[in-house]
Amino acid sequence: MLMADMTWNEVEKYILKVNNNLTIPVGTCEQHGYHLPLDNDIFIVEYIANILSLETNALVAPTIKYGVNLPCDVHLAGTTSVKPKTLTEIITSITNWWKQQGIKHFLLLTYHGDPYHIQAMKKISDDIKLYDVSEIKYSDILEKQSSIRHACEAETSVALYLYPGKVKMKSVREHDIQPDDFKEYLFHKESNIPQGYVGCLGYPSVATKDKGNRIINRMLDSTINACYDFLKPL
Ligand SMILES: [Zn+2]
């Protein structure tokens, strides 16, 4: 149930009678190579948030569409980042309003592993829980990767399953940079663009819809497991 589709008095009644917890999807506006759209992380996190809402009856808040991105991605047009402290401040501000309206627990759902993005949302307060839906085991599903990278075999498979019409498989350019060689970029120490990098890491060319289906099911199971009690109805 999307809070933004309701009137204020419906929201008031819902908080009192059905469920007084809230999921807040947190996206990023971020490049995903030549083959996936900027909104990729938002599509996925909203999909998971909606199913979680069906399971728990918890309302879903309007998505926070900006997160923290790698400084090197400023060179890839459209990518838009906020500072970590800005993200923390937005979350603190909006949850303070909702607390006054009776919301008890806030679940921040994200699908973006930038360490500073995660740090900005971790441990804001006891009533705000962060869950990164990308944190599942991938090794038995993927062929060429053992874990998730970026716009990679895993992310592209999920996109092929959820929104195939927006995936440009013919435009895939693989330019793998090993995790150790990417550390400087990942921890925001290097803001130049790696040579030959078009925005993806790993092996998107071997992505399939079937792998995406298995990944999404696993994400749903682990999210429901980890978050059900926090969101459970009155
Ligand atoms: Zn992504």
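It should be emphasised that the depicted structure is a prediction, and the values quoted were computed from it without experimental measurement. As the structure lists them, so they are numbered: ligands from 1, and atoms in each ligand from 1.
Between the Glu30 side chain and the Asp41 main chain, no donor and acceptor come within less than 3.5 Å of each other.
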Going through the checks in order, is the side chain to side chain contact (heavy atoms under 4.5 Å, CB included) test met by Leu52 and Tyr228?
CA-CA 8 Å; Leu52 196 56; Tyr228 184 87; over 6 Å; no
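The aromatic rings of Tyr197 and Phe182 lie tilted to each other, with the angle between the two planes from 30° to 60°.
Applying the 6.0 Å contact sphere to OH of Tyr163 captures more than 12 heavy atoms from other residues, nucleotides or ligands.
Distances from the Zn ion (ligand 1) show that His112 has no N/O/S atom below 2.8 Å. Among the atoms of Glu155, an N, O or S atom falls under 2.8 Å of the Zn ion (ligand 1).
The closest approach of Asp41 to the Zn ion (ligand 1), by N/O/S atoms, is made by OD1.
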